[in-house]
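Okay, structure first, notes after.
We count ligands from 1, going down the list as the structure has it; atoms in each ligand are counted the same way.
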Amino acid sequence: MTAAVSCSAGKSSPTLSVDAARLRAIAAACPVVGHEMLALGKAVGRVSAAPVVSTSALPPFDNSAMDGYAVRLVDLTGNGPWHLPVVARIAAGDARALSLAAGSAARIFTGAPVPFGADAIVMQEQVVSTGGMISLTERPKLGQNIRRRGEDVAQGAPALAAGLTLTPPRLALLAGCGVASVAVRPRVRVAILSTGNELSEPGSGLGPGQIYNSNRVLLGTTLSGLPWVNLTDLGIRPDDPASIRKAIRHAAQTNDVVISSGGVSAGEEDHILDALRAEAAELDVLKVAIRPGKPLTIGRLGQTLYVGLPGNPYAAAITFAQIARPALRRMAGLLEKPDTWLPAVAGFTYRRRTGRREYVPVTWSERDSVGRPVLIRLGQGASASMSPLAQARGIAVIPPKCDMVIPGQTLQVEPFVD
Ligand SMILES: Nc1nc2c(c(=O)[nH]1)N[C@H]1C(S)=C(S)[C@@H](COP(=O)(O)OP(=O)(O)OC[C@H]3O[C@@H](n4cnc5c(N)ncnc54)[C@H](O)[C@@H]3O)O[C@H]1N2
Ligand code: MOO
């Protein structure tokens, strides 16, 4: 299987809106090609590479939806009650091809095949059963409590489209259709590196001027939680142009995406852009009207997507989630657009500078009269602060033109999923 590829890296970038930056990042992301076959039990979270058709009808035969009695409506003429002898007993898994004789009923259980000629199942609660006879007073409807062959999925019908996350319900559907293995897209190979002389790993000592590396854990755990990612963690690179360039070049040769954090803003010690230019990268996104995270670099090194996230941890988290992740999803072959934004209402006042779309960590404990969460803003928006994001239940978005958020104002919120 070969995926359609259309990329448009290489356009120059002034300050872009978040939506424009996201679109450019997505356009620069070439979907991984090919597929591998996986047993259903190994495929959870992976991306379907091709449509799947059902090898069996679901359900495979007409069967009873209830424990009760199979009857023929033609026997229930005039006014009830009707009295019928019970001539057969049919349990789930019964392999006999049975017919229901005229003027009789069959004891039947949930999931058992409906005998030929029967056209309704009466729940056992609705009959009186004595001495091999049943009496019923209400006429059943035609087809009542019968699950028809193929009513869920017909044999040979599409059971799953390409480009979908293989969730447990989707895998269960394939199992129900008799499909044992599924073609999935190859994992997206993602390398991460943290840049900065000031970085030290937690567990090591902290020298003067050093801080602990948060972004490695942020990105590493986020990415390793995505079943369609194959992660390589390249650790920390010092602020040395030759070392950064070498690391980027090597990482790009063996990965579909390289993600760095730090070194993308304007200082002489910010070497990512120089390294990318020296490697003849095509750069699509350089500055985004987003808060936090304005200095963001996205481009391509050959077929490899490069994402240079800002070093400040809150900025790295937001730019990854809002701009890089949709591009990675495209690389993975995912065609569904997650729509996780929900309406909420501000429970705070916030006077702000206009111009950038802002992503604000929020929590809530109350809801308004129509059930929308009443948001409490956490922190002051400092892009190096991590506590507000760690305490947040979600992220609210404030439009670029808004100069003041007032209580009661409608905002969109993206709740974090547990
Ligand atoms: N003159 C200007 N200075 C800055 C600008 C600007 O436009 N002009 N933009 C500011 C903004 S906004 C941001 S965001 C940062 C982005 O900086 P860089 O991406 O170049 O990142 P660094 O300078 O390397 O680091 C910024 C900050 O984050 C800390 N950091 C870096 N990596 C990590 C990590 N892995 N874990 C934890 N913390 C990390 C680093 O120590 C710095 O404090 O630039 C502004 N400056
Ligand atoms: O874009 Mo930066 O993250 O605002 O400090």
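- Annotation for ligand 1: atoms under 4.0 Å from non-hydrogen atoms of G262 are 19 (O), 21 (O), 24 (O).
- Looking only at heavy atoms of the protein, atom 3 (N) of ligand 1 is closest to S265 OG, 4.5 Å.
- Of the listed residues (P241, S265, S260), just one forms a side-chain contact (heavy atoms from CB on, under 4.5 Å) with I272, and that residue is S260.
- Screening R170, R330, R329 for a salt bridge (charged side-chain N to carboxylate O under 4.0 Å, His left out) with E336, the sole residue that qualifies is R170.
- Taking a cut-off of under 4.0 Å to the non-hydrogen atoms of N213, the atoms of ligand 1 that pass are 34 (C), 35 (N), 36 (N).
- Residue R291 has no N or O atom closer than 3.5 Å to an N or O atom of ligand 2.
- Shortest contact from atom 14 (S) of ligand 1 to any protein heavy atom: N312 ND2, 3.4 Å.
- The shortest contact between atom 36 (N) of ligand 1 and any protein heavy atom is with S214 N, 3.0 Å.
- Scanning all protein heavy atoms for the shortest distance to atom 2 (C) of ligand 1 gives A266 CB, 4.3 Å.
- Numbered from 1 in the order shown, with element, the atoms of ligand 1 that lie under 4.0 Å from a heavy atom of V264 read 18 (P), 19 (O), 20 (O).
- Listed by number with element, the atoms of ligand 2 under 4.0 angstrom from any heavy atom of N312 are 5 (O).
- Of the protein's non-hydrogen atoms, D270 OD1, 3.5 Å is the one closest to atom 23 (O) of ligand 1.
- Which parts of ligand 2 touch R356 is read off a 4.0 Å heavy-atom cut-off, strictly below it: atoms 1 (O), 4 (O).
- Atom CD of Q210 sits in a crowded spot, with more than 12 heavy atoms from other residues, nucleotides or ligands closer than 6.0 Å.
- Residue P313 places a heavy atom less than 4.0 Å from ligand 1.
- Residue contacts with ligand 1 include G263, since one or more of its heavy atoms lies under 4.0 Å from the ligand.
- Within a 6.0 Å radius of CD in E125, other residues, nucleotides and ligands contribute more than 12 heavy atoms.
- Close approach of ligand 1 to Y212 is summarised as follows: ligand atoms under 4.0 Å from at least one heavy atom of the residue are 36 (N), 37 (C).
- Among all non-hydrogen protein atoms, the one lying nearest atom 39 (C) of ligand 1 is G311 O, 3.4 Å.
- Some N or O of E198 is nearer than 3.5 Å to an N or O of ligand 1, by distance alone.
- A donor-acceptor pair under 3.5 Å links the side-chain atoms of S64 to the main chain of M66, judged by distance alone.
- Under the 4.0 angstrom criterion for non-hydrogen atoms, G196 is not in contact with ligand 1.
- Under a 3.5 Å cut-off, the side chain of D240 and the backbone N or O of S243 do form a donor-acceptor pair.
- For ligand 2, the atoms lying closer than 4.0 Å to a non-hydrogen atom of A315 are 3 (O).
- Here the heavy atom of the protein found nearest to atom 7 (O) of ligand 1 is K294 NZ, 3.7 Å.
- The atoms of ligand 1 that sit less than 4.0 Å from any heavy atom of I211 are 37 (C), 38 (N), 39 (C), 41 (O).
- By the definition of a contact as any protein heavy atom under 4.0 Å away, atom 10 (C) of ligand 1 is not in contact.
- Among all protein heavy atoms, the one lying closest to atom 34 (C) of ligand 1 is N215 ND2, 3.3 Å.
- Remark: R107 qualifies as a cation-pi partner of Y69 under the 6.0 Å distance and 45° angle criteria applied to the six-membered ring.
- Salt-bridge annotation for D256 and R189: present, with a side-chain N of the basic residue lying under 4.0 Å from a carboxylate O of the acidic one.
- The proximity of I272 to ligand 1, defined as any non-hydrogen pair under 4.0 Å, does not occur for either the backbone or the side chain.
- Atom-to-atom distance recorded for H250:NE2 and L193:CG is 13.0 Å, nearest 0.5 angstrom.
- Between the side chain of N215 and the backbone N or O of G311, at least one donor-acceptor pair lies under 3.5 Å.
- From N213, atom CG reaches atom CD of E201 across 4.5 Å, with rounding to the nearest 0.5 Å.
- Selection from G381, G293, P313 by nearest heavy atom to atom 2 (Mo) of ligand 2 gives G293.
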